[in-house]
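Below is one structure, written out as structure tokens; the observations come after it.
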Amino acid sequence: MEAPNPIRSGFQAVKNRKETLLPAYALKLAGRLGGASPVFLYWKGRVALYALLRAMGVKSGDEVVLPAYTCVVVPNAIFYAGALPVYVDVRPDTYGLDPNKLEKALTGRTKVILCQNTYGLSADVEKVVEIARRRGIFTIEDCAHGFGGTYQGKANGTFCDAAFFSTQWNKPFSTGLGGFAVVNNEALIPKVEALEKEKQRPTLQETSLLRQLIRMRRWLVRDWSYWKLVALYRWLSRYNLILGSSQGGELDDIAMPRNYLKGLSAVQAREGLRALDHLDELLAQRRKNAEIYTDFLEGKGKNHMARELFPNHSFLKYPLLVSDLPTFQAAAEKALVPLGDWFCSPLHPIATGLERWRFHTGDFPVAERLARSVVNLPTDTLDPDKVVSLLNDHLALIEPI
Ligand SMILES: Cc1ncc(COP(=O)(O)O)c(C=O)c1O
């Protein structure tokens with residue numbers, strides 16, 4: 001018998017170990033989501049959305065309804081599936097789709113309604129699902145911000161036909177880039193499974209770059225370096241000089257990037273398995289900081305995060321409306337508070353020309369007002385006093401309730 005080749009056996013062992021990472025990660029995620037529905041892994045959250053739309057049979061001429069306060073990659077995935085996005089204005093207190101404005105947007109062509117967990121808050125999901133079921137329309141929960149949180153005591157992502165999640169840099173837990181879908185409607189499972197064979201594998205170049213970025217982030221991101229690194233990362237991504245969350249063209253156009261339907265890599269799965277072990281600690285810290293900010297703002301008569309929303313909120317970010325955004329941002333930068341600018345546009349981060357995405361400025365007054373004034377306070381900070389001090393020094397800029 002031929003003696004085993006040690007180099008080949010070594011490679012095989014590494015390959016086997018890598019191949020077990022993906023199913024182990026999917027199982028762990030499914031477990032956290034109640035264990036009743038399967039989880040499918042993708043290169044990014046937006047790709048998971050695209051796969052779900054395809055599995056739901058979305059095709060040319062169909063309409064997909066979504067909140068008018070989202071990330072542009074969401075309508076992009078709808079376009080890539082061949083459908084048209086139809087926006088609905090949001091509620092000012094939840095930043096989520098306003099169910100009272102939903103029915104007017106539905107037509108005989110509506111195939112799917114997307115409800116969105118924004119900043120960690122699940123709101124009105126039951127109402128949306130009820131309206132959709134009555135009309136035979138599929139529902140997807142955009143839980144890009146919501147993993148680990150609950151709605152009515154059940155894990156986010158378990159109420160709709162399906163949900164998708166993001167594990168990109170600043171999400172509830174991070175795998176650098178990454179996403180997954182949970183499929184609750186049994187009839188859809190074989191359709192999502194059928195798409196598995198279309199999934200591209202991430203290239204060696206992509207995975208090794210991502211590994212480097214994950215390491216660099218671990219060492220470099222500190223309060224003092226945050227603002228400079230965010231600016232650098234966005235600039236490099238825009239010109240395709242780095243593996244960004246959005247590649248240049250994705251933010252300029254509605255054409256599908258090459259090799260879009262891509263799976264997750266072992267590098268991301270390993271990172272995810274590690275990060276999940278610390279998620280509960282992080283969730284507790286976010287909630288504690290959100291309580292601190294709310295107590296302070298309430299005391300000053302400036303609170304706009306209603307207490308009754310807390311049970312359905314996991315506080316990935318703490319949104320705050322300010323009257324003079326540039327001044328507040330400059331103050332945060334000076335105070336070394338890592339303030340977020342998520343949804344500085346109703347189709348974040350697109351500043352102009354929203355009509356290309358069929359978004360007609362002026363039609364969504366609530367979403368447009370929120371986007372003009374919103375900043376996001378960090379909830380993962382170990383130094384909430386620094387944030388409270390910033391708020392205290394700039395109370396006049398904080399918009400009243
Ligand atoms: C609300 C929302 N949905 C979807 C996505 C897309 O997630 P990903 O970047 O993983 O594709 C994002 C992105 O950050 C988002 O904010």
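Please read these numbers as outputs of a predicted model, since none were measured by experiment. Start at 1 and go down the list; that is how both ligands and their atoms are numbered.
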The one among A77, S166, G179 that brings a heavy atom closest to atom 10 (O) of ligand 1: S166

Just checking, any donor-acceptor pair under 3.5 angstrom between side chains of W357 and N76? yes

Using a 4.0 Å cut-off to any heavy atom of F164, which atoms of ligand 1 qualify? 4 (C)

Do T294 and E291 meet the criterion of a side-chain donor-acceptor pair at a distance under 3.5 Å? no

Quick one: do the R54 and Y50 side chains pair a donor with an acceptor below 3.5 Å? yes

For atom 9 (O) of ligand 1, tell me which residue out of Q116, K44, R46 has the closest non-hydrogen atom. R46

Closest to atom 13 (C) of ligand 1 by heavy-atom distance, out of E250, Q168, K171, H348, is K171

Ligand 1 atoms in contact with G178 (distance to a heavy atom under 4.0 Å): 10 (O)

So that I know where these two stand, are F343 and Y95 an aromatic pair - ring centroids less than 6.0 Å apart? no

Does K44 make a cation-pi contact with W169 (under 6.0 Å, within 45 degrees of the axis)? no

Under 3.5 Å: N/O of T167 near N/O of ligand 1: no

Less than 6.0 angstrom from the centroid, inside 45 degrees of the normal: does K199 satisfy that with respect to the ring of Y42? yes

Quick one: does ligand 1 sit under 4.0 Å from the side chain of L177, the backbone, both or neither, non-hydrogen atoms only? neither

Give me the atom names and distance for the closest heavy-atom approach of L97 to I113. CD1-CG2, 4.4 Å

Within-cut-off N or O pair, G45 and ligand 1, under 3.5 Å: yes

Distance under 4.0 Å to a non-hydrogen atom of V74: what atoms of ligand 1 satisfy this? 3 (N), 4 (C)

With atoms numbered from 1 as shown, which atoms in ligand 1 lie under 4.0 angstrom from a non-hydrogen atom of A144? 2 (C), 3 (N), 4 (C), 5 (C), 12 (C), 15 (C)

